[in-house]
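Reviewing the structure listed below.
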Number of protein chains: 2
Amino acid sequence: MDQESANPKAPAGASKESRKPAARKRASRGPSIGDVAKAAGVSAQTVSRVSNGLTNVEESTKNRVLEAMKELGYRPNRAARALKSGQFKSIGVIMFTLSSFGNMRTLDAIATAASRAGYSVTLIPVQDPTTGTVSGAYERLREQQVDGVVVIFEAHLLDDTDISLPQDLPAVVIDSNPGFGYPMVDTDQAQGARFATQHLLDLGHQKVWHIGGPTTSFSATHREESWRRTLEEAGLEAPPVLHGDWSTESGYQIGLELGRKPELTAIFAANDQMALGAMRALHELGRRIPEDVSIVGFDDLDESTSFWPPLTTIHQDFYAVGRLSIENLLQQIGGTGSVNDVTTVPTSMVVRKSTAAPAVSARPTARKKRVAAEKG
Amino acid sequence: MDQESANPKAPAGASKESRKPAARKRASRGPSIGDVAKAAGVSAQTVSRVSNGLTNVEESTKNRVLEAMKELGYRPNRAARALKSGQFKSIGVIMFTLSSFGNMRTLDAIATAASRAGYSVTLIPVQDPTTGTVSGAYERLREQQVDGVVVIFEAHLLDDTDISLPQDLPAVVIDSNPGFGYPMVDTDQAQGARFATQHLLDLGHQKVWHIGGPTTSFSATHREESWRRTLEEAGLEAPPVLHGDWSTESGYQIGLELGRKPELTAIFAANDQMALGAMRALHELGRRIPEDVSIVGFDDLDESTSFWPPLTTIHQDFYAVGRLSIENLLQQIGGTGSVNDVTTVPTSMVVRKSTAAPAVSARPTARKKRVAAEKG
DNA sequence: GTGAAAGCGCTAACAA
DNA sequence: TTGTTAGCGCTTTCAC
């Protein structure tokens with residue numbers, strides 16, 4: 001093994017060598033604008049113009065430059081560009097629980113919309129939603145020189161301080177309360193909850209129970225409020241709410257409790273997973289769905305269509321939420337006119353097999369027979 | 001409605017305004033290294049040294065600089081740094097279906113591990129896994145000047161071309177086949193499938209059916225191969241495989257088919273969702289779990305613990321996969337010694353309530369009684 | 001231990 | 001239409 005073919009992975013400690021310019025060719029820093037200029041026989045400026053699609057370049061020159069670019073495999077250096085322009089063409093996303101269905105979908109939409117607009121997405125996952133961690137993430141993002149930030153809140157901060165993000169960086173907040181100081185984008189939680197509750201009311205149910213999400217969650221709160229309001233507007237009193245933590249398991253526990261009430265005929269669960277848990281409990285207790293008890297969820301998971309029975313639920317358009325956040329943010333960044341303070345994404349009702357009119361007492365027998373006939 | 005409060009959806013065509021420089025104060029380019037230098041009464045280099053934690057600065061000078069930094073709210077400009085060093089301290093992630101449980105978890109781990117190491121994560125979601133889209137994403141990432149790339153493959157490319165990513169950018173591939181040309185990190189699919197199959201065999205089942213994932217999926221293929229091998233090693237013949245598409249619905253359909261076979265006593269499903277669907281089918285067909293049929297899943301979803309019955313499954317450590325990918329990538333970037341070509345993350349068996357010894361015929365009564373006693 | 005000079009790749013502004 | 005000049009904020013020599 002001679003010196004020539006020595007291991008290229010220059011081991012450390014060779015500081016004696018460090019003076020020597022050596023072979024260490026800086027991991028192929030591709031061709032620069034100057035190289036292209038030379039190759040095409042023009043100035044760097046002209047290359048820059050072509051690179052940026054400016055029009056004031058003669059067709060023939062432009063072609064020459066384009067050819068040279070292709071030949072050399074030129075790609076503009078983003079760092080240099082950013083250094084000049086102060087814009088990184090990148091947006092940051094601060095997110096708590098990455099591992100939830102809705103967040104995933106939203107993130108997917110954000111990343112897609114952003115990259116379509118030529119922006120990259122930098123992700124900062126945060127473990128606990130405290131003021132400190134959020135501010136920290138925000139600071140890190142500023143260091144990264146992002147042009148804007150999307151924050152997915154989901155829940156009140158644990159330490160319950162009102163966080164105030166610096167106002168000098170465009171931002172959009174998802175799943176929060178309005179009046180936060182930043183534009184907000186969110187599913188129309190109130191509408192969805194109203195749909196769900198009204199659907200059960202329309203079927204003839206006299207009492208609609210609610211399995212709520214955690215009280216710290218913004219969306220859970222909004223859903224619960226809307227459920228209550230809908231009942232009140234119908235002249236009904238809202239029964240006490242049982243709160244889960246979004247998990248199937250908590251839905252199961254609550255389902256066990258509710259399922260023991262003989263008068264139970266209708267449940268609106270704040271998400272599909274808790275609805276699933278509740279359904280399991282009802283199955284175990286021998287209460288048929290939807291003959292004995294109707295249940296509506298919220299989210300419309302991919303799986304909900306093949307629950308047993310397929311779940312009637314409220315569809316959330318997470319993609320729209322993500323897309324609109326980026327639209328809003330880009331408007332702020334571009335400084336294009338004023339920006340919506342609150343953007344609301346409508347939900348839709350998906351009626352499947354977990355809801356039906358209540359049995360006997362509340363309804364004429366004729367109806368019950370008809371339902372049975374339809375199923376046969 | 002006067003002009004001032006006109007619809008914020010700024011209609012196009014307002015190009016007349018674009019000339020006006022207006023108040024747009026270029027989002028506060030914070031203080032530069034020079035400003036800090038001036039404030040501290042030192043040169044910019046000294047500030048740079050302090051900023052980078054070099055030691056050859058006198059304590060008092062250092063403190064003066066630090067103070068000036070804090071005072072001015074200085075934060076280094078990443079673009080300038082990147083321009084100089086050629087390193088962006090950022091890694092790119094190419095990912096197909098964002099909306100799968102495992103991918104989310106993995107992404108979460110990647111983002112966490114990366115940011116812990118001072119790297120940011122740039123996400124590029126790709127719709128269809130074709131050679132074109134992958135190459136495109138890769139190119140975009142290079143333009144972004146990322147220092148390395150993680151590709152989460154999941155499936156053979158649709159056009160089945162062997163993609164060859166340029167070799168000049170460090171990369172790690174997750175969920176692929178080895179020998180791809182890049183280091184690979186993945187769950188030990190074979191081990192997991194063997195655990196699952198052997199578990200059923202150990203319980204006394206003579207025939208273990210398999211609900212496979214899509215044939216294009218690497219992991220599905222690995223699981224199926226391992227299941228087959230395990231059976232063969234036990235001297236048993238593998239029954240025909242029914243392939244789903246990972247969804248609950250496909251599991252349901254296959255469950256309906258399998259459930260009609262009287263001799264069915266044991267199923268190994270390639271993921272938890274298909275197992276869930278199959279369980280629904282079995283419930284509907286009146287076959288009890290685990291008394292009549294045992295079933296094992298793969299993944300260990302959060303919800304699996306509260307399925308009905310709670311699902312016995314193979315736990316995948318997605319966090320480890322993400323973390324190790326970053327470790328590997330960082331090693332490549334840093335050029336620190338050699339790098340593992342294949343990193344395998346072990347699985348673990350989670351025994352819950354969906355598996356038991358087969359009934360009567362296959363086993364001596366004594367055993368059945370003992371199992372029953374244990375359950376009581 | 002500290003500072004001065006040069007230049008990374010690009011583009012805005014001006015000059016030709 | 002094209003080229004020249006200067007400088008974005010930082011770090012890497014090298015000199016003191």
Side-chain angles (χ1 to χ4, degrees), chain A residues 15 17-22 24-65 68-69 72-89 142-145, chain B residues 19 21 24 26-65 68-69 72-89 142-145:
Chain A
S15 61
E17 295 275 38
S18 74
R19 185 68 63 83
K20 198 169 82 182
R24 224 149 193 266
K25 265 242 172 352
R26 261 260 134 272
S28 70
R29 265 188 194 267
S32 75
I33 200 170
D35 299 328
V36 178
K38 209 174 299 171
V42 296
S43 77
Q45 248 5 267
T46 304
V47 177
S48 171
R49 285 191 261 260
V50 172
S51 178
N52 292 3
L54 300 198
T55 51
N56 54 344
V57 183
E58 202 173 82
E59 193 64 20
S60 64
T61 324
K62 184 169 135 192
N63 288 135
R64 228 170 344 126
V65 171
M69 280 180 174
L72 273 59
Y74 167 77
R75 74 190 59 260
N77 181 320
R78 205 168 66 107
R81 214 170 243 185
L83 179 55
K84 222 20 216 165
S85 68
Q87 294 234 145
F88 245 85
K89 288 289 196 176
R142 307 192 67 203
E143 264 164 45
Q144 304 280 341
Q145 245 86 12
Chain B
R19 185 68 61 82
R24 270 231 107 223
R26 262 260 136 276
S28 67
R29 269 181 190 273
S32 75
I33 200 170
D35 300 328
V36 177
K38 208 175 299 172
V42 297
S43 76
Q45 290 51 354
T46 304
V47 176
S48 171
R49 284 190 262 260
V50 173
S51 178
N52 292 4
L54 300 197
T55 50
N56 54 344
V57 181
E58 204 170 79
E59 192 66 17
S60 63
T61 324
K62 183 170 136 191
N63 288 136
R64 234 176 331 132
V65 172
M69 280 181 176
L72 272 59
Y74 167 77
R75 71 190 59 262
N77 181 319
R78 206 166 66 108
R81 210 170 247 183
L83 179 56
K84 229 4 222 180
S85 68
Q87 292 234 144
F88 244 86
K89 286 289 195 179
R142 308 192 67 202
E143 265 163 45
Q144 304 281 343
Q145 243 89 11

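Computed from a predicted model, the values in this text were never measured in an experiment. Letters A, B, ... are given to chains in the order of the sequence lines, protein chains preceding strands, and every chain is numbered from 1. Computed from heavy atoms alone, side chains included, the values below leave out hydrogens, waters and symmetry copies.
Contact detail for B:R49 and B:V57: the closest heavy-atom pair is CB-CG2, 3.8 Å. Summarising the geometry of B:S51 relative to B:R81, their closest heavy-atom pair is OG-NH2, 3.2 Å, with the distance given to 0.1 Å. Summarising the geometry of A:A40 relative to A:A68, their closest heavy-atom pair is CB-CB, 3.9 Å, with the distance given to 0.1 Å.
For A:V42, the listed nucleotide lying nearest its side chain is D:dG3; candidates were D:dG3, D:dC10, D:dT11. Distance from the side chain of B:V57 is smallest to C:dT2 among C:dT11, C:dT2, C:dG3. The nucleotide whose nearest atom lies closest to any side-chain atom of B:K84 is, among D:dT12, D:dT1, C:dG1, D:dT12. Checked against C:dT2, D:dG9, C:dG9, the side chain of B:N56 finds its nearest nucleotide in C:dT2.
The CG atom of B:D35 sits 13 Å away from the C1' atom of D:dC8 (whole-angstrom rounding). Atom CG in A:L83 sits about 18 Å away from atom P in D:dA6, given to the nearest Å. Rounded to an integer number of Å, the gap from A:F88 CZ to C:dT11 C1' is 16 Å. In this structure, A:R64 atom CZ and D:dT1 atom P are separated by 15 Å, rounded to whole Å. Nucleotide C:dT2 holds its P atom 12 Å from the CG atom of B:L54, rounded to whole Å. Protein atom CG of B:N63 is 15 Å distant from nucleotide atom P of C:dG1, rounded to whole Å. As rounded to whole Å, 16 Å separates atom P of D:dG3 from atom NZ of A:K62. Going from atom CD1 of A:I33 over to atom C1' of D:dT4 covers 14 Å, rounded to whole Å.
For A:T61, a side-chain nitrogen or oxygen approaches OP1 or OP2 of D:dT2 to under 4.0 Å. Residue A:N77 places no side-chain N or O under 4.0 Å from the OP1 or OP2 atom of C:dC8. A close approach under 4.0 Å does not occur between any side-chain nitrogen or oxygen of A:S43 and OP1 or OP2 of D:dT2.
Map B:Y74 and A:T46 each onto its nearest nucleotide of DNA chain D; the residue landing nearer the 5' end is A:T46.
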Query raised in the report: What do the steps show when you test B:I33 against B:S48 for side-chain contact (heavy atoms from CB on, under 4.5 Å), and what is the final call?
Result: CA-CA 7 Å; B:I33 200 170; B:S48 171; 3.7 Å; yes

Query raised in the report: Given A:E58 and A:S60, is the side-chain hydrogen bond (donor to acceptor under 3.5 Å, both in side chains) satisfied, shown in steps?
Result: CA-CA 6 Å; A:E58 202 173 82; A:S60 64; 3.3 Å; yes

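For A:R78 and C:dG9, a side-chain-to-base donor-acceptor distance below 3.5 Å is absent, hydrogens and geometry of angles not being considered. Evaluation of atom-type donor-acceptor distances gives no pair under 3.5 Å for the side chain of B:E58 against the base of C:dT2. Under 3.5 Å, the side chain of B:R49 and the base of C:dG3 form at least one donor-acceptor pair of N or O atoms.
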